[in-house]
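If you're wondering where the values come from, they're calculated on a predicted model, not measured in any experiment.
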Amino acid sequence: IGGLPAAYYLSQLPNSPSFITWAYLAAFVLLQYPAYLLYRDGGAWLARLTPANWADWIHRIPSGSQLRTPLLHQNLAWAVFRYVAYSASNTLIWYAMGLHPDLLLIFCIVQANFILSIFIPVASLLSLVVRSGTAIALAEPFGIAPNGVLLAIFINWIFQTALPLIIGAILLLKHPVKTKAS
């Protein structure tokens, strides 16, 4: 979903050669089918193409084929909803803070940041640091203040991660999950 806005971001970069956007779009289109296979079939097909010591790790990738079709579609729908909610809220926070007057460009920076941060493996506690760092790097060519970007990422983290975790913890403390005694 975020691939096309990321291509628009590349086209808007100052002094960006025009072939960069087309090369990115070509790679984006070519990688759609392998990404679909990875989700549908898990890592089995990828494990055959990689060195033997990676095969065990790749086989542990969860696959959509392990789910019944209605549950697979429901899982995909929730993933898309989460992605859209993250993107929209982050874009609106940046815009409300006045970081840049072009709403479309802000949306594209958020998308490019989301895609870029997917490929940087970190522990989940460090994801806020990585997303902030990549967002600053992506916003810098457009003159967006780094301190504003950090504050926007932090505010989005509070609304999308911290508050739901706190509310969930309170609900679990008030209404513990009942289990059958063994």
Side-chain angles (χ1 to χ4, degrees), residues 1-40 61-62 64 72-168:
I1 295 173
L4 298 177
Y8 178 77
Y9 166 82
L10 286 174
S11 72
Q12 297 302 306
L13 283 173
N15 304 322
S16 173
S18 62
F19 76 89
I20 290 289
T21 302
W22 292 109
Y24 171 81
L25 280 174
F28 172 73
V29 168
L30 291 173
L31 289 174
Q32 293 303 302
Y33 189 66
Y36 167 74
L37 288 177
L38 183 62
Y39 182 74
R40 188 193 71 190
I61 296 174
L72 173 65
H73 291 156
Q74 184 180 18
N75 187 31
L76 285 171
W78 279 112
V80 168
F81 174 74
R82 181 187 176 280
Y83 178 78
V84 169
Y86 166 82
S87 299
S89 66
N90 212 358
T91 301
L92 292 175
I93 289 169
W94 284 46
Y95 190 72
M97 290 178 61
L99 295 180
H100 198 277
D102 186 357
L103 189 62
L104 180 61
L105 182 63
I106 292 172
F107 178 75
C108 292
I109 291 171
V110 168
Q111 298 306 304
N113 185 37
F114 192 77
I115 290 172
L116 186 60
S117 63
I118 286 173
F119 295 107
I120 302 173
V122 294
S124 63
L125 287 176
L126 297 176
S127 67
L128 180 63
V129 175
V130 170
R131 285 223 172 120
S132 299
T134 56
I136 289 170
L138 292 168
E140 187 269 331
F142 300 100
I144 299 174
N147 56 350
V149 172
L150 282 174
L151 183 58
I153 296 290
F154 182 70
I155 289 170
N156 192 41
W157 176 80
I158 286 173
F159 283 115
Q160 295 239 345
T161 304
L163 286 177
L165 284 172
I166 291 168
I167 292 168

Mind checking the [atom1]-[atom2] spacing from [X] to [Y]? Nearest 0.5 Å is all I need.
| X | Y | atom1 | atom2 | answer |
| --- | --- | --- | --- | --- |
| Tyr95 | Asp102 | OH | CG | 9.0 Å |
| Trp157 | Leu163 | CH2 | CG | 9.0 Å |
| Leu103 | Thr91 | CG | OG1 | 6.5 Å |
| Asn156 | Leu92 | CG | CG | 10.0 Å |
| Asn113 | Thr134 | CG | OG1 | 3.5 Å |
| Ile144 | Leu99 | CD1 | CG | 6.0 Å |

Excluding sequence neighbours, so at least two apart, what forms side chain to side chain donor-acceptor pair (under 3.5 Å) with [X]?
| X | value |
| --- | --- |
| Ser87 | Gln111 |
| Asn90 | Tyr86, Trp94 |
| Ser132 | none |

Inset, instruction - Return the orientation label for the Phe81 and Trp78 ring planes: parallel under 30°, perpendicular over 60°, tilted otherwise. - result: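 Perpendicular, since the angle between the ring planes exceeds 60°.
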For [X] against [Y], the heavy-atom pair lying closest together:
| X | Y | value |
| --- | --- | --- |
| Leu138 | Ala112 | CD1-C, 3.6 Å |
| Leu105 | Gln12 | CD1-CB, 4.1 Å |
| Pro14 | Pro141 | CG-O, 3.7 Å |
| Ile153 | Arg131 | CD1-O, 4.4 Å |

Legend entry - Within-4.5 Å side-chain heavy-atom neighbours: Met97 and Ile155: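 Met97 reaches Ile155 side chain to side chain.
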Inset, instruction - Could you walk me through whether Gln160 and Ser89 pass the side-chain contact (heavy atoms from CB on, under 4.5 Å) test, one step at a time? - result: CA-CA 9 Å; Gln160 295 239 345; Ser89 66; 2.9 Å; yes
Legend entry - Crowding at CZ, Phe159 (>12 non-hydrogen neighbours, <6.0 Å):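 Result for CZ/Phe159: open.
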Inset, instruction - Would you indicate whether Phe154, at its atom CZ, is surrounded by more than 12 heavy atoms from other residues, nucleotides or ligands within a distance under 6.0 Å? - result: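 Incorrect, the count does not exceed 12.
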Inset, instruction - Determine, using ring centers only, whether Phe114 and Tyr83 are less than 6.0 Å apart. - result: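 Between Phe114 and Tyr83, which both carry aromatic rings, the centre distance is below 6.0 Å.
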Legend entry - Pair Phe142-Ile109, side-chain contact (heavy atoms from CB on, under 4.5 Å): steps then yes or no: CA-CA 10 Å; Phe142 300 100; Ile109 291 171; 4.0 Å; yes
